[in-house]
K.L.:
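Can you read through this structure? Questions will come right after.
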Number of protein chains: 2
Amino acid sequence: MALNKQTQLIDAALQLFYEKGINSVGINEVLKTTGIAKKTLYNHFKSKDELVLAALKKRDQQFLIWLDRRLEEADSKEKAVVVLFESLTDWFHNQVEELPPFRGCFFINSAIECGVVNNEIAAYCKDHKQQVRQLLSKRMSHLSDEVLDVICTLKEGAIVMAYVAEDKNAAMKCLPSALTLVAGN
Amino acid sequence: MALNKQTQLIDAALQLFYEKGINSVGINEVLKTTGIAKKTLYNHFKSKDELVLAALKKRDQQFLIWLDRRLEEADSKEKAVVVLFESLTDWFHNQVEELPPFRGCFFINSAIECGVVNNEIAAYCKDHKQQVRQLLSKRMSHLSDEVLDVICTLKEGAIVMAYVAEDKNAAMKCLPSALTLVAGN
DNA sequence: GTCAAAGGAGACAGACTTGTCTCTTTTGAT
DNA sequence: ATCAAAAGAGACAAGTCTGTCTCCTTTGAC
């Protein structure tokens, strides 16, 4: 039961924080949507920041599992690049069941919203990016570090373009160039 | 005198908002650093959001003028790409006098911090990205729209990598690939 | 010199925030 | 059945924020 409440809190926090931004969502809103009492929340989490970290962790797992599953079908680095940018496109267009409606990258958003004041959150966001890079590295074997860095940079850029510039096709626009780079390596 | 106060307010707001984030800086902090009274601020600006918009406008001009000056020396699209990513690298490493210490892109940050609740701010941030694209288009004539999009996406990605992932060399890592793409076009 | 406009200083209202605490009820293990 | 731990409900403290308002001083135009 205790774990159940904790899970409920994290789920609701992740959903609200991602949808509206961490600073726009108060503890009370999380409590209201879950129907859980404030005392229970502070029984499980020392502070709001700890709840934020738990939400980041949940999203971290959620995202990595989704991306890994998608990349499973790729049997070459070229195919992996295609799958990566097609997956991003599906995400931007809200065509991924496992992920809530696209509101940018939760880690970029959180780092910008909280990173200045909370170093632990900034570090976790940085770490997530590193983990995604590692996952891509695994699925794109024999790809040089240099090209992998560019692929990662294109991925981050596409997320920003999709969110800030509202260009949901940003990822697809990168695909031909990304393939050229991978092929030449 | 009136204009002078207004300029002081916008300058201080831009500096503080960019350094600490919009939501972390209250009106009172802007007033304290300038020594200007609250009544005077609300005489010039209807609300905090209007001051934010004024700060965005100032930064918009500041950034575009700086980038345009840097790109002046480029006499070909290949040279323009080199100058672009070298300029970004200088920016990331705080080697640009005209710009305050690097804290990411003020427009990405503001869109993420305020975009959900204030549509006007989100629109201005989107517009800034469009203006930078237009500037690059002017300085990289005869470059296809497709490759220009990729160059812009790399630029956004490099900013995010430099800020969130703390990789200040992100822009330089993109340069060889960017040149390959431009050359092949 | 006069007088209105602008500005300084800051109290204040009203609405938020996080986190603590009390009191009551439910639950689950023994 | 008992009894301690967990949870519900929410008051409350202490702080934050924006925006308004008052009172007083300075300044600049005529």
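Below, read A as the first sequence line, B as the second, and so on, with proteins coming before strands; counting in each chain starts at 1. Note that the structure is a prediction, hence the values are computed from the model and not measured.
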K.L.:
Report yes or no: is the cationic atom of A:R59 (NZ for Lys, CZ for Arg) under 6.0 Å from the centre of the six-membered ring of A:Y18, at an angle within 45° of the ring normal?
P.N.:
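Yes, a cation-pi geometry holds between A:R59 and A:Y18.
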K.L.:
Please give, in whole Å, the distance from D:dA9 P to A:L41 CG?
P.N.:
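Distance, rounded to whole Å: 14 Å.
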K.L.:
Return the value, rounded to whole Å, for the distance between atom NZ of B:K5 and atom P of D:dG28.
P.N.:
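These atoms are roughly 11 Å apart.
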K.L.:
To the nearest angstrom, how far is B:Q8 atom CD from C:dG8 atom C1'?
P.N.:
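Atom CD in B:Q8 sits about 13 Å away from atom C1' in C:dG8.
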K.L.:
For the pair made of CG in A:L31 and P in D:dA7, what is the distance, rounded to whole Å?
P.N.:
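That distance rounds to 13 Å.
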K.L.:
By side chain to side chain donor-acceptor pair (under 3.5 Å), which residues pair with A:K168, not counting sequence neighbours?
P.N.:
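Testing A:K168 for side chain to side chain donor-acceptor pair (under 3.5 Å), a comparison that skips the adjacent residues, returns none.
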K.L.:
In whole Å, I'd like the distance from the CG atom of A:N43 to the P atom of C:dT18.
P.N.:
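From A:N43 CG to C:dT18 P: 18 Å.
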K.L.:
With a 4.0 Å limit, can you tell me whether B:H44 has a side-chain N or O closer than that to the phosphate oxygens OP1/OP2 of C:dA6?
P.N.:
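Result: no.
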K.L.:
Excluding sequence neighbours, so at least two apart, what forms side chain to side chain donor-acceptor pair (under 3.5 Å) with A:E86?
P.N.:
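Scan of A:E86 (side chain to side chain donor-acceptor pair (under 3.5 Å), adjacent residues dropped) gives none.
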K.L.:
Can you list the residues that meet the side-chain contact (heavy atoms from CB on, under 4.5 Å) rule with A:K32, with sequence neighbours excluded?
P.N.:
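A:K32: no side-chain contact (heavy atoms from CB on, under 4.5 Å) contacts found.
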K.L.:
Look at A:T40 and D:dG8 and indicate whether a side-chain polar atom (N or O) is within less than 4.0 Å of OP1 or OP2.
P.N.:
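Answer yes for this pair, as a side-chain N or O of A:T40 is under 4.0 Å from OP1 or OP2.
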K.L.:
Please list all pairs meeting side-chain hydrogen bond (donor to acceptor under 3.5 Å, both in side chains) that have one or both residues in residues 91-108 of chain A, counting only residues at least two apart or in different chains.
P.N.:
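Residue pairs with at least one partner in residues 91-108 of chain A: A:R103-A:Y163.
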K.L.:
Please tabulate the protein-to-nucleotide N/O contacts below 3.5 Å involving nucleotides 16-23 of chain D, giving atom names and distances.
P.N.:
{"residue": "D:dT18", "atom": "OP1", "partner": "B:I27", "partner atom": "N", "Å": "3.4"}
{"residue": "D:dT18", "atom": "OP1", "partner": "B:K48", "partner atom": "NZ", "Å": "3.0"}
{"residue": "D:dT18", "atom": "OP2", "partner": "B:I27", "partner atom": "N", "Å": "2.7"}
{"residue": "D:dG19", "atom": "OP2", "partner": "B:Y42", "partner atom": "OH", "Å": "2.9"}
{"residue": "D:dG19", "atom": "OP2", "partner": "B:K48", "partner atom": "N", "Å": "2.8"}
{"residue": "D:dG19", "atom": "N7", "partner": "B:K38", "partner atom": "NZ", "Å": "3.4"}
{"residue": "D:dG19", "atom": "O6", "partner": "B:K38", "partner atom": "NZ", "Å": "2.7"}

K.L.:
May I have all residue pairs that pass side-chain hydrogen bond (donor to acceptor under 3.5 Å, both in side chains) and include part of residues 145-159 of chain B, sequence neighbours excluded?
P.N.:
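For residues 145-159 of chain B: B:K129-B:E156, B:R133-B:D149.
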K.L.:
Let me know the distance between NZ of A:K32 and P of C:dC16, rounded to the nearest Å.
P.N.:
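My rounded result for the distance is 11 Å.
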